[in-house]
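Single-structure report; data block below.
Sequence lines set the chain letters: A, B, ... in the order given, protein chains first and strands last, and positions in each chain run from 1.
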Number of protein chains: 2
Amino acid sequence: MKNTATRDKLIDSGAQLISQQGYNATGINAVLKTCGVPKGSFYHYFSSKEDFGLAVIERFASSYDKTLVALLEDNDTPPLERLKRYFAAGRDHMHECNHATGCLIGNLGQELSGQSDTFRDALNLVFQRWEQRFVRCLQDAQARGDIAPHTAPEALASFILTGWEGAILRAKTLKSVEPMEQFEKILFQQVLVPSS
Amino acid sequence: MKNTATRDKLIDSGAQLISQQGYNATGINAVLKTCGVPKGSFYHYFSSKEDFGLAVIERFASSYDKTLVALLEDNDTPPLERLKRYFAAGRDHMHECNHATGCLIGNLGQELSGQSDTFRDALNLVFQRWEQRFVRCLQDAQARGDIAPHTAPEALASFILTGWEGAILRAKTLKSVEPMEQFEKILFQQVLVPSS
DNA sequence: CTTAAAGTAGACCAGTCAGTCTATTGCTTT
DNA sequence: AAAGCAATAGACTGACTGGTCTACTTTAAG
């Protein structure tokens, strides 16, 4: 397994199609067609569709983690400002995909976590890593006194991730980023404040 | 179309299976098998699978709306207490379904709103009706001075629905209601408060 | 008693699904 | 040059998909 170009093409096409249509609605043949790879190659690199799906998740997560680090651990920017940039990036992405795609991990979490424990575990791990990035950013904010110290950063991180994923879902059905803006506004007005 | 018993059986089985597995993963034959109805009857009552799916949504929404009214418009109970009961009911349901089902409308919103505008519109309408129920409850709370008057109830309702749907999603992938509890806790500690 | 419609019943259709199989190509190592 | 493996290539399989079709039974109306 030296040549990874074909494997990469498969994963890229798969990520795109699965983002748009979901896992179950995306057939292997459709993936092959969009990237012009024969079926023999697919089953050379992946043992099954599930194996392929997990690879798509893994790739997306590790790629997304890089942008997350760049946004949330940029020490030249105040922590709350970093969070705002993260939210703005999410809104931009929502516009770019015409409010259709949203968050791949969130989509698959909704679709597959009741269907397969393997997928559920993989997706859960990604969520937990994201939460950890938030925790660190919130710790910085507490250290600077930008937000009150009385709520654990872990609790806040869970609250933020949870609310943001919900806002993405709502934005998809509404075809508007308004719920995302609404969430952010109240979050910074009432939750991420110096003191209560 | 006088005899609705068969139609009802189909919708009930469909709702159950779609809740568990999603729309795309639920075949018509599987629905027929679980309620022992032949295919001829199915296409007698529904013109297509999409038609059937919309009927399932409609039925679920109108049935769920009744429990929503009972919880959120119970004038013998303080408005914030009504909300707490609503959240508690959601957590109970999550336990009952072994953290696998969650919210049918949320599931379908995630799975189908990028796939079909018909479904998206139908689901969006349901969400908006729910939001309206929250708005009324929050108005009551503001009138009593239980929460600050400076934030529009519509904005708060959107925030709550959004966050709750996200918490359900997170609870599914985590197989624990902890994110739901976390969301509720911070919501009542920081957002739904008399004054800021 | 007749007749039409509502509803039941399931065999059947073309198309698609994930996955298998065999054959062939291209590269690398000896 | 020969052997051996990685990778390409796509025809093919059985199971299953949503949907159609015809035949039959029940119910209600005139």
Nearest whole angstrom, please: distance from the [atom2] of [N] to the [atom1] of [X].
| X | N | atom1 | atom2 | result |
| --- | --- | --- | --- | --- |
| B:Asn24 | C:dA18 | CG | C1' | 16 Å |
| A:Lys33 | C:dA18 | NZ | C1' | 17 Å |
| B:His44 | D:dC24 | NE2 | P | 19 Å |
| B:Tyr45 | D:dG19 | OH | C1' | 18 Å |
| A:Phe46 | D:dA7 | CZ | C1' | 14 Å |

### Message
Run the salt bridge (Lys or Arg N to Asp or Glu O under 4.0 Å) test against B:Arg133 and tell me which residues pass, sequence neighbours left out.
### Response
B:Asp65, B:Glu73
### Query
Considering only heavy atoms, which members of residues 10-23 of chain B lie under 4.0 Å from some atom of DNA chain C?
none
Restricting to non-hydrogen atoms, name the atom on [X] and the atom on [Y] that form the minimum distance, rounded to 0.1 Å.
| X | Y | result |
| --- | --- | --- |
| A:Leu80 | A:Leu192 | CD1-O, 4.1 Å |
| A:Ser13 | A:Thr34 | CB-OG1, 3.5 Å |
| A:Asn24 | B:Ala25 | ND2-CB, 3.9 Å |

### Message
Taking the six-membered ring of A:Tyr23 as reference, does the cationic atom of A:Lys49 (NZ for Lys, CZ for Arg) lie under 6.0 Å from its centre and within 45° of its axis?
### Response
yes
### Message
Go through it in stages, so that I can follow the logic: the residues are B:Thr26 and B:Gln20, the test is side-chain contact (heavy atoms from CB on, under 4.5 Å), and I'd like the CA-CA distance, side-chain angles, deciding distance and then a yes or no.
### Response
CA-CA 9 Å; B:Thr26 300; B:Gln20 284 165 12; over 6 Å; no
### Message
Quick test of your reading: applying salt bridge (charged side-chain N to carboxylate O under 4.0 Å, His left out), list the pairs with at least one residue in residues 98-108 of chain B, sequence neighbours left out, ordered by first then second residue.
### Response
none
### Query
What residue pairs, at least two apart or across chains, pass salt bridge (charged side-chain N to carboxylate O under 4.0 Å, His left out) with a residue in residues 150-172 of chain B?
A:Glu131-B:Arg170
### Query
Would you call A:Arg120-A:Asp117 a salt bridge at under 4.0 Å N-O?
yes
### Task
Please check the phosphate of C:dT8 (OP1 and OP2 only) for any side-chain N or O of B:Thr6 closer than 4.0 Å.
yes
What pairs of nitrogen or oxygen atoms, one from the protein and one from nucleotides 19-22 of chain C, lie under 3.5 Å apart?
from: C:dG19; atom 1: OP2; to: A:Tyr43; atom 2: OH; distance (Å): 3.2
from: C:dG19; atom 1: OP2; to: A:Lys49; atom 2: N; distance (Å): 2.8
from: C:dG19; atom 1: N7; to: A:Lys39; atom 2: NZ; distance (Å): 3.0
from: C:dG19; atom 1: O6; to: A:Lys39; atom 2: NZ; distance (Å): 2.6

### Query
Does the separation of the ring centres of A:Tyr45 and A:Phe52 fall below 6.0 angstrom?
no
### Message
Quick check on the helix from C:dC1-D:dG30 to C:dT30-D:dA1: what's the angle between its two end axes, five base pairs per end, to the nearest 10°?
### Response
0°
#### Entry: N/O donor-acceptor pair under 3.5 Å between B:Ser116 side chain and B:Leu112 backbone
no
